[in-house]
Amino acid sequence: MKETQYYHLPQWDPSDRVLRENFNSNNKKIDDALHQMQQSISANNDKIDQGLHQMAQTPNLVKLKTFTTSSKITGTSVFDMNVSDINWGQWQWVYMDFRLKGHGHIYLYANSDRDDAYSTMYSASGNIKSLAGAIGCDYYGKAIRRIEFLTFCNVDQTIETVCAYTGTTGYSRNYTYANLRTLHLMPNSESYYIEPGSTITFWGLR
C-alpha cells in the first residue's frame, strides 16, 4: 500500500485490503495537523494584534507643541519661539504649520540670527533671508501653510526646509538641529503684521 508524502496517509490500490484502523489513523493525523495549523494561525494573529497595538500607542505623526500669538506682531517686532525642548533626532521630518491671520509676508529665522537664513523660491529670483521663503498671512486666519524640516533623525545635519506648495527650499548657513534653540517670525515690512490668535504648530513624523 502506498502513502502520501507528508502525512503518510494510505493510498489504496485496487488489490489492497481496506481496514477500519487505517481510516481511524488517517483521521487522527488530519485532526492533529489541523489543530497545529490553527494554533500557528492563532499565534501569528496574536503577534499581529500586538504589533498593531504598539503602532497605535506610538503613532507616526505626533503633535510636538503649538505657539499662539497674544499680541499684534508688526514689522518692527518679532515673535519668538523656544524650540530647544524638541528632540529633532527622534523624527524623520518635523512639520511646521502656520495659521497666520494678518497681512503681508513673514520671514522665519533661527537663533536670533537674521543673516543666517536664506531660501530660494520657484516664483522669485535670488535669495530671501528666511528659512521658509516669504510666508503669507491670511486675512481671515483660515489657511494653513506648511514647511518641512528635513531632519532624517540626524541632529548634526544643517537645518534645511522645504515647502512643496510654494516650491521653496530654505537653509541655515551655520546651525544644525543640535544647536537650534529658537525660531523667530518677523514681518518683512512695517506695513505687514500678524494678528493675535495666530498659531504655529509643530508635528513630528517618525
Side-chain angles (χ1 to χ4, degrees), residues 51-71 73 78-102 104-114 116-123 128-188 194-206:
L52 292 174
H53 178 73
Q54 184 176 3
M55 288 177 62
Q57 296 301 312
T58 55
N60 288 334
L61 187 63
V62 178
K63 182 186 286 189
L64 303 179
K65 61 192 316 179
T66 296
F67 296 92
T68 304
T69 59
S70 58
S71 60
I73 311 299
V78 177
F79 182 67
D80 303 318
M81 295 169 284
N82 184 348
V83 294
S84 61
D85 56 343
I86 293 179
N87 184 358
W88 299 90
Q90 187 178 351
W91 312 102
Q92 289 285 346
W93 294 278
V94 172
Y95 298 143
M96 189 176 184
D97 287 350
F98 302 89
R99 191 189 292 269
L100 304 180
K101 183 178 181 180
H105 295 112
I106 311 300
Y107 285 0
L108 175 73
Y109 57 95
N111 295 345
S112 301
D113 188 353
R114 274 206 66 197
D116 169 75
Y118 71 100
S119 56
T120 58
M121 303 175 65
Y122 293 150
S123 58
I128 299 173
K129 287 187 176 181
S130 172
L131 287 172
I135 307 164
C137 288
D138 172 22
Y139 181 79
Y140 298 101
K142 301 295 185 182
I144 296 178
R145 290 160 175 84
R146 168 174 288 181
I147 67 165
E148 302 172 22
F149 288 89
L150 308 182
T151 51
F152 302 118
C153 300
N154 181 8
V155 295
D156 295 322
Q157 179 168 295
T158 303
I159 298 169
E160 182 179 352
T161 72
V162 295
C163 176
Y165 178 73
T166 60
T168 303
T169 305
Y171 307 91
S172 167
R173 291 182 170 86
N174 302 304
Y175 301 114
T176 65
Y177 294 104
N179 50 36
L180 176 56
R181 296 292 177 263
T182 56
L183 289 167
H184 313 271
L185 289 175
M186 185 183 73
N188 72 328
I194 305 171
E195 291 282 11
S198 298
T199 61
I200 304 95
T201 302
F202 290 81
W203 304 82
L205 181 67
R206 290 188 173 90

With the side chain counted from C-beta on, respond yes when [X] and [Y] share a heavy-atom pair under 4.5 Å apart, and no when they do not.
| X | Y | result |
| --- | --- | --- |
| Ile147 | Thr168 | no |
| Ile106 | Cys137 | yes |
| Met186 | Tyr109 | yes |
| Tyr177 | Val94 | no |
| Met81 | Leu108 | yes |
| Lys129 | Asn188 | no |
| Trp93 | Leu150 | yes |
| Arg99 | Thr201 | no |

Nearest non-hydrogen partners of [X] and [Y], listed with the distance:
| X | Y | result |
| --- | --- | --- |
| Thr176 | Asp156 | CG2-O, 3.4 Å |
| Ser71 | Pro196 | C-CG, 3.6 Å |
| Leu180 | Ala110 | CD1-CB, 3.6 Å |
| Ala117 | Arg173 | O-NH1, 3.6 Å |

Donor-acceptor check, side chain of [X] to backbone of [Y], threshold 3.5 angstrom: yes or no?
| X | Y | result |
| --- | --- | --- |
| Arg145 | Gly136 | yes |
| Thr69 | Ser198 | yes |
| Thr151 | Trp91 | yes |
| Ser119 | Ser130 | yes |
| Asn111 | Asp113 | no |

Arg146 and Cys163: side chain to side chain contact (heavy atoms under 4.5 Å, CB included), yes or no, with the steps? CA-CA 6 Å; Arg146 168 174 288 181; Cys163 176; over 6 Å; no

Could you give the distance from [atom1] ([X]) to [atom2] ([Y]), rounded to the nearest 0.5 Å?
| X | Y | atom1 | atom2 | answer |
| --- | --- | --- | --- | --- |
| Ile135 | Ile128 | CD1 | CD1 | 10.0 Å |
| Arg114 | Tyr107 | CZ | OH | 7.5 Å |
| Ile73 | Leu100 | CD1 | CG | 10.5 Å |
| Tyr171 | Glu160 | OH | CD | 5.0 Å |
| Phe67 | Met96 | CZ | CE | 8.0 Å |
| Phe149 | Thr161 | CZ | OG1 | 6.0 Å |

Pairs flagged by salt bridge (Lys or Arg N to Asp or Glu O under 4.0 Å) wherever residues 84-95 is involved - sequence neighbours left out: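 Qualifying pairs, neighbours excluded: Lys65-Asp85.
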
Can you tell me if Ser172 and Asp116 form a side-chain donor-acceptor pair at under 3.5 Å?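 A pair is found: one side chain offers a donor N or O, the other an acceptor, under 3.5 Å apart.
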
Please walk me through it: do Ile194 and Phe98 pass side chain to side chain contact (heavy atoms under 4.5 Å, CB included)? CA-CA 11 Å; Ile194 305 171; Phe98 302 89; over 6 Å; no

Could I get the full list of side chain to side chain donor-acceptor pair (under 3.5 Å) partners for Ser112, not counting sequence neighbours?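 Ser112 satisfies side chain to side chain donor-acceptor pair (under 3.5 Å) with His184 once adjacent residues are dropped.
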
I'd like to check the side chain to side chain donor-acceptor pair (under 3.5 Å) partners of Tyr118; sequence neighbours left out, ordered by chain and number.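 Side chain to side chain donor-acceptor pair (under 3.5 Å) list for Tyr118, sorted by chain: empty.
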
